[in-house]
Amino acid sequence: MAIRSHMLPRLLLAAPLPGRLARLSRRTAASMSSAPAPMGHQGPPLSLRGVVFDMDGTLTVPVIDFPAMYREVLGGDAAYAAARAAGGGSVDILHCIESWAPDEQRRAYEVIARFEQEGLDRLQIMPGASELCGFLDTKQIRRGLITRNVKSAVDLFHQRFGMMFSPALSREFRPYKPDPAPLLHICSTWDIPPNEVIMVGDSLKDDVVCGKRAGAFTCLLDETGRYGPHDSLPEDIRPDFTVSSLSEVFSVLEEHFGLAPVASESRI
Ligand SMILES: [Mg+2]
């Protein structure tokens, strides 16, 4: 696979960060400073030995209507608006219902399960996911998964996807994202330090924050541009990379981690 230079303008990187990430930022700044962009590395590539993916909206096409689910769980528009305001514009529904009475909590979980089941019925694999995971396998890079969805959803996903992620942690693993615990657990299982792992996901508040807290690289999948320009994101939650499709992750892996596509490697 050739370097897809047409993708680079959409491949954005965070402002300079301390330590090792600072080198990463400088390299990307250089690669975006002129046209044609210089693609070579300055210095050795960073080390990457594991990729941890979010599931819903990252490995699968987003089909769950979260606002509708939140409204029904919380009891209407006013309660939803209040929860959004309390959460700074976003809702952590699992956290919201944690302190509820058992009966209310059971009803809430039933609603969530119904929305998730509807999502499963329409489950589609994200374009580029199979190719990316196949590529990681050729490089002997481990693949893990962390989701706030339930284990049965992960089981169905594995069945449909045809490739296993290991470990694959669902919301039965506590505490869940954005706590770094699940990511640290995976790193520990792999015996790989977090700074040689990248967390890829479509949620800033869950996936990116989890990855940053664990000390891993972070890649935000923002298909629709809903998070706005990369540089406008607050420093403390800004991912190392922002991509608009899983296909763009290839460019990140090649440019910053020295993972050349198999096709070009096989040429002599
Ligand atoms: Mg997601």
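Just so you know, ligand 1 is whichever comes first in the structure, and atom 1 is the first atom listed for that ligand.
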Participant: D54: which N/O/S atom is nearest the Mg ion (ligand 1)?
Facilitator: OD2

Participant: Nearest N/O/S atom of D56 with respect to the Mg ion (ligand 1), by atom name, please.
Facilitator: O

Participant: Can you see whether E196 engages S47 through a side-chain donor-acceptor pair at a distance of less than 3.5 angstrom?
Facilitator: yes

Participant: How are the rings of F257 and F217 set relative to one another: parallel (under 30°), tilted (30 to 60°) or perpendicular (over 60°)?
Facilitator: perpendicular

Participant: Could you pull out the atom name of the N/O/S atom in D202 that is nearest the Mg ion (ligand 1)?
Facilitator: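 Restricting D202 to its N, O and S atoms, the minimum distance to the Mg ion (ligand 1) goes to OD1.
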
Participant: Verify the distance criterion only: is there a donor paired with an acceptor across the side chains of D155 and Q159 at less than 3.5 Å?
Facilitator: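 Looking only at side-chain atoms, Q159 and D155 do not form any donor-acceptor pair under 3.5 Å.
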
Participant: Quick check with a 6.0 Å cut-off and a 45 degree axis cone: is R143 positioned over the face of F165's six-membered ring?
Facilitator: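 Because its charged atom sits under 6.0 Å from the ring centre and within 45° of the axis, R143 does stack over F165.
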
